Novice: 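Structure in structure tokens, see below.
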Amino acid sequence: MEKIKNGDPVIYKDRKGTIYGKPRENKYRGVLYTVKIGDEYVKATLSELSLEKESAQIPHLA
């Protein structure tokens, strides 16, 4: 998987969002990314995210 950076479009729980800011380290969950979805901000781990570019290449998700 490519490295995720600020401004990258991602999919989180079937919703399109954008990475916001730097990843943060959490003692229990590991590295957390802030995802901006509309006016809402959520924290997500790398396993909960998928890059929008990758999902567009898979026919059954498009």
Side-chain angles (χ1 to χ4, degrees):
M1 176 174 237
E2 298 175 26
K3 184 171 180 157
I4 297 178
K5 51 192 183 300
N6 189 19
D8 282 351
V10 293
I11 296 178
Y12 171 74
K13 294 187 178 180
D14 296 328
R15 297 169 64 194
K16 292 183 181 184
T18 306
I19 295 295
Y20 183 82
K22 296 180 186 176
R24 306 285 182 208
E25 186 72 32
N26 182 289
K27 183 177 180 181
Y28 301 103
R29 293 180 66 193
V31 179
L32 293 177
Y33 295 89
T34 303
V35 182
K36 183 178 181 184
I37 302 171
D39 293 333
E40 184 181 342
Y41 294 89
V42 294
K43 299 282 185 183
T45 62
L46 186 60
S47 62
E48 296 173 319
L49 299 173
S50 62
L51 288 174
E52 207 169 327
K53 296 177 234 171
E54 290 178 355
S55 63
Q57 294 173 353
I58 303 171
H60 69 277
L61 292 177

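Note that the structure is predicted; figures quoted are calculated from it, not measured.
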Novice: With heavy-atom distances below 4.5 Å as the criterion, would you say the side chains of L49 and I11 are in contact?
Specialist: no

Novice: Within the 4.5 Å heavy-atom criterion, are V42 and T34 side-chain neighbours or not?
Specialist: no

Novice: Any non-hydrogen side-chain atom of I4 less than 4.5 Å from a side-chain atom of Y33?
Specialist: yes

Novice: What pair of heavy atoms forms the shortest contact from A44 to V35, and how long is it?
Specialist: CB-CG2, 4.3 Å

Novice: Is L32 linked to L51 within one hydrophobic cluster, defined over Ile, Leu, Val, Met, Phe, Trp and Tyr using a side-chain heavy-atom separation of less than 4.5 Å?
Specialist: no

Novice: Hey, could you give me each pair passing salt bridge (charged side-chain N to carboxylate O under 4.0 Å, His left out) that has a residue in residues 37-49? Not counting sequence neighbours.
Specialist: R15-E40, R29-E48

Novice: Could you state the interatomic distance from CG (D8) to OH (Y20), rounded to the nearest 0.5 Å?
Specialist: 15.5 Å

Novice: Tell me, do I19 and V10 make a side-chain contact under 4.5 Å, heavy atoms counted?
Specialist: yes

Novice: Going by side-chain contact (heavy atoms from CB on, under 4.5 Å), name the residues that satisfy it together with K13, two or more places apart in sequence or in a different chain.
Specialist: none

Novice: Once ring pair (Phe, Tyr, Trp, His ring centres under 6.0 Å) is applied, do any residues pair with Y12, and if so which ones, sequence neighbours excluded?
Specialist: none

Novice: Any sub-3.5 Å donor-acceptor pair from N26's side-chain atoms to V31's backbone N or O?
Specialist: no

